[in-house]
Amino acid sequence: MELLNDKNYIPQAAVDCVVFGYEDHQLKVLISNLNYKGNFYALHSGFIGQEEDLEDAAKRVLKDRTGLNNIYLQQFNVFDTSEKKRKEFMDTLIETNYSGDVSQLEFAKEQYKWFVKRFISIGYYALVDLKTVSPKLTKFDASIQWYSVGKIPKLVMHYDEVFEAALMSMKKDIGQKFNAFNLLPEKFTMKDIQHIYEAIFQQKYIRSNFQKKILEMDVLERLEKKYTGAKNKAPYLYRLKG
């Protein structure tokens with residue numbers, strides 16, 4: 001394991017990543033259950049290398065967890081993680097798994113001291129086509145799963161705050177950045193788009209009004225029709241303009 005120290009990483013700085021996906025008419029978020037007794041649930045975070053740009057650090061964290069290279073990424077906030085929150089988490093984890101003996105941890109006492117300091121973290125949210133993601137476990141993960149945004153487990157440290165801020169920021173951005181389309185495959189129908197918006201904002205839209213609003217954005221290219229063999233009228237496919 002690479003040592004956590006000021007030589008390798010920028011001290012007391014990190015990136016926090018919130019990965020959103022969409023499936024079965026539900027907006028979902030990717031969450032890790034850490035590989036320790038006690039059900040410690042977390043978002044995906046990482047420290048920032050001394051020679052690494054902020055966004056590159058976030059892309060590295062997301063590549064390690066999702067397997068994706070080209071991913072829609074948006075910086076949304078900065079968080080102040082108190083020493084108290086980090087220490088409470090680590091002390092609970094150590095007490096639950098090692099009877100309070102920090103020396104049993106792989107990274108031992110000096111690494112513990114480095115980790116529990118006050119940290120400033122930069123938040124990023126990612127929007128992905130869920131079907132393209134193959135979540136990757138590290139040795140610190142018991143599992144990585146998609147959870148409906150309304151049914152996520154209690155998260156450790158400051159991650160509940162990060163998640164809520166990411167969700168709020170993503171909703172605010174949709175009308176300006178047209179980024180909700182990143183939750184879909186390259187080609188999609190107008191009905192697919194409507195389902196995404198309804199899942200995000202938890203409300204129904206009148207089809208004709210919604211379609212008019214989306215087309216007025218002038219960000220979509222209309223393609224061929226999607227023929228399924230059914231008797232109903234075949235819908236057009238769309239994709240984002242290049």
Side-chain angles (χ1 to χ4, degrees), residues 1-22 27-32 34 42-81 85-86 114-115 117-138 140-141 144 146 149 152 155-186 196 200 219 239-242:
M1 176 180 178
E2 188 175 13
L3 292 178
L4 303 178
N5 56 37
D6 296 359
K7 180 180 179 180
N8 295 322
Y9 296 101
I10 297 173
Q12 296 172 257
V15 290
D16 293 329
C17 300
V18 185
V19 184
F20 290 111
Y22 170 80
L27 182 65
K28 297 189 174 183
V29 61
L30 194 62
I31 292 176
S32 173
L34 301 182
L43 298 174
H44 308 297
S45 296
F47 303 114
I48 306 163
Q50 286 287 0
E51 305 298 325
E52 192 173 36
D53 292 339
L54 282 176
E55 189 166 313
D56 287 341
K59 288 178 178 178
R60 169 175 53 80
V61 170
L62 292 170
K63 168 68 174 177
D64 289 345
R65 297 308 181 94
T66 68
L68 299 180
N69 283 308
N70 297 318
I71 193 167
Y72 177 87
L73 197 61
Q74 181 66 47
Q75 185 182 132
F76 67 93
N77 210 340
V78 176
F79 301 90
D80 184 351
T81 316
K85 284 186 177 181
R86 298 181 72 86
W114 197 90
F115 184 87
K117 291 179 180 179
R118 175 187 178 186
F119 266 72
I120 302 298
S121 64
I122 296 86
Y124 289 86
Y125 71 78
L127 303 179
V128 301
D129 175 3
L130 185 150
K131 293 180 177 61
T132 67
V133 176
S134 299
K136 295 186 176 182
L137 298 179
T138 71
F140 298 110
D141 304 307
I144 300 179
W146 291 100
V149 295
I152 69 168
L155 304 176
V156 301
M157 294 192 297
H158 64 303
Y159 290 144
D160 284 321
E161 177 188 357
V162 175
F163 165 71
E164 292 294 341
L167 183 60
M168 184 180 301
S169 181
M170 186 264 287
K171 289 180 177 180
K172 182 179 178 181
D173 287 344
I174 281 177
Q176 302 171 358
K177 302 179 186 298
F178 315 117
N179 54 8
F181 304 105
N182 291 280
L183 294 164
L184 291 166
E186 180 185 1
I196 286 279
I200 292 172
V219 296
R239 67 182 174 196
L240 279 175
K241 289 183 177 179

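This chain uses plain numbering: 1 for the first residue, then up along the sequence.
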J.: Donor-acceptor pair, S169 side chain versus A165 backbone, under 3.5 Å?
T.: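 No, S169 side chain to A165 backbone: no donor-acceptor pair under 3.5 Å.
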J.: Quick one: closest heavy-atom pair of D129 and P185, and the distance?
T.: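 Taking D129 first and P185 second, the nearest heavy atoms are OD2-CA, 3.6 Å.
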J.: Just do the side-chain contact (heavy atoms from CB on, under 4.5 Å) check on M170 and L127 with the steps written out, would you?
T.: CA-CA 9 Å; M170 186 264 287; L127 303 179; 4.0 Å; yes
J.: Do you know the tightest heavy-atom contact between Y22 and L27?
T.: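 The answer is CD1-N, 4.3 Å.
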J.: Would you say V219 and F181 make side-chain contact, with heavy atoms under 4.5 Å?
T.: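 In short, these two side chains touch, coming nearer than 4.5 Å.
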J.: Please answer whether the main-chain N or O of V61 pairs with a side-chain N or O of D64 as donor and acceptor at a distance below 3.5 Å.
T.: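 Absent.
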J.: Can you confirm whether L68 sits close enough to L62 that some side-chain heavy atom of one is under 4.5 Å from a side-chain heavy atom of the other?
T.: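 When only atoms from C-beta onward are counted, L62 and L68 do not touch, as no gap falls below 4.5 Å.
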J.: Checking S121 against H158 for the side-chain contact (heavy atoms from CB on, under 4.5 Å) test, could you report, in this order, the C-alpha distance in whole Å, the side-chain angles of both residues, the deciding distance, and whether it holds?
T.: CA-CA 10 Å; S121 64; H158 64 303; 3.5 Å; yes
J.: Using the six-membered ring wherever Trp is involved, compare the ring planes of F20 and Y125 and label them parallel, tilted or perpendicular (cut-offs 30° and 60°).
T.: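 Perpendicular: the ring planes of F20 and Y125 meet at over 60°.
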J.: How many angstroms lie between atom CG of L34 and atom CD1 of I144, to the nearest 0.5 angstrom?
T.: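 If we round to the nearest 0.5 Å, L34:CG and I144:CD1 are 9.5 Å apart.
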J.: Please confirm whether the backbone N or O of Y124 pairs with a side-chain atom of Q75, one donor and one acceptor, at under 3.5 Å?
T.: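 Not a single qualifying donor-acceptor pair exists.
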J.: Taking atom CE of M157 and atom CG of L43, what is their separation to the nearest 0.5 Å?
T.: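 Those atoms lie 9.0 Å apart.
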J.: Is a side-chain donor or acceptor of Q12 paired with a backbone partner of I120 at a separation under 3.5 angstrom?
T.: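 Not at all, since once roles are kept as given, no pair shorter than 3.5 Å links the two residues.
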J.: Check the pair Y72, L183 against side-chain contact (heavy atoms from CB on, under 4.5 Å), reporting the backbone distance first and the verdict last.
T.: CA-CA 9 Å; Y72 177 87; L183 294 164; over 6 Å; no
J.: Between V15 and E55, is a side-chain contact (heavy atoms from CB on, under 4.5 Å) present by the stated rule, with each step listed?
T.: CA-CA 9 Å; V15 290; E55 189 166 313; over 6 Å; no
J.: Would you mind reporting whether D173 and Q74 have side-chain heavy atoms less than 4.5 Å apart?
T.: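 Yes, close enough: below the 4.5 Å cut-off.
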J.: Would one find more than 12 heavy atoms of other residues, nucleotides or ligands at under 6.0 Å from atom NZ of K117?
T.: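 Count over threshold, so yes.
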J.: In Å, rounded to the nearest 0.5 Å, how long is the span from CD1 of I122 to CG of L54?
T.: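 The distance works out to 5.0 Å.
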J.: Sequence neighbours left out, what passes side-chain contact (heavy atoms from CB on, under 4.5 Å) with D160? Give chain and number order.
T.: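 K154, L155.
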J.: Is T66 close to V128 at the side-chain level, that is, under 4.5 Å between some pair of heavy atoms?
T.: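 Contact flag for V128/T66 side chains = no.
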J.: How long is the straight-line distance from CG of D56 back to NZ of K63, given to the nearest 0.5 Å?
T.: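 K63 NZ to D56 CG: 14.0 Å, rounded to 0.5 Å.
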J.: Hey, can you tell me if F47 and F115 have their rings parallel, tilted or perpendicular (30° and 60° cut-offs)?
T.: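 Ring orientation of F47 relative to F115: perpendicular.
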J.: Should the heavy atoms of other residues, nucleotides or ligands under 6.0 Å from NZ of K59 be counted, would the total exceed 12?
T.: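 Open.
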J.: Restricting to non-hydrogen atoms, name the atom on D6 and the atom on P11 that form the minimum distance, rounded to 0.1 Å.
T.: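 For D6 versus P11, the nearest heavy atoms are OD1-CB, 3.3 Å.
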J.: Apply ring-ring contact (aromatic ring centres under 6.0 Å, His included) to residues F119 and W114 and explain how you reach the verdict.
T.: CA-CA 10 Å; F119 266 72; W114 197 90; 5.6 Å; yes
J.: Please name the pair of heavy atoms, one in Y9 and one in Q50, separated by the smallest distance, quoted to 0.1 Å.
T.: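 Answer, listing the atom of Y9 first, then Q50: O-NE2, 3.0 Å.
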J.: Around atom NZ of K241, are there more than 12 heavy atoms from other residues, nucleotides or ligands closer than 6.0 Å?
T.: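 Above 12, so yes.
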J.: Where do Y159 and S45 come nearest, in terms of heavy atoms and distance?
T.: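 Scanning both residues completely, I find the closest heavy atoms to be OH-OG, 2.8 Å.
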J.: Does a sphere of radius 6.0 Å around NZ in K171 hold more than 12 heavy atoms from other residues, nucleotides or ligands, not counting ones at 6.0 Å or beyond?
T.: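 Counting neighbours around NZ of K171, more than 12 heavy atoms of other residues, nucleotides or ligands fall under 6.0 Å, so yes.
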J.: Taking all non-hydrogen atoms of both residues into account, name the closest pair between V29 and V18 and its distance.
T.: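 Heavy atoms only, the tightest pair is CG2-CG1, 3.7 Å.
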J.: Look up atom CG in L30 and atom SG in C17, then write down how far apart they are to the nearest 0.5 Å.
T.: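 Here the interatomic distance stands at 11.0 Å.
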J.: Please round to the nearest 0.5 Å and tell me the distance separating atom CG of D16 and atom CG of N77.
T.: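 Separation between the atoms: 10.5 Å.
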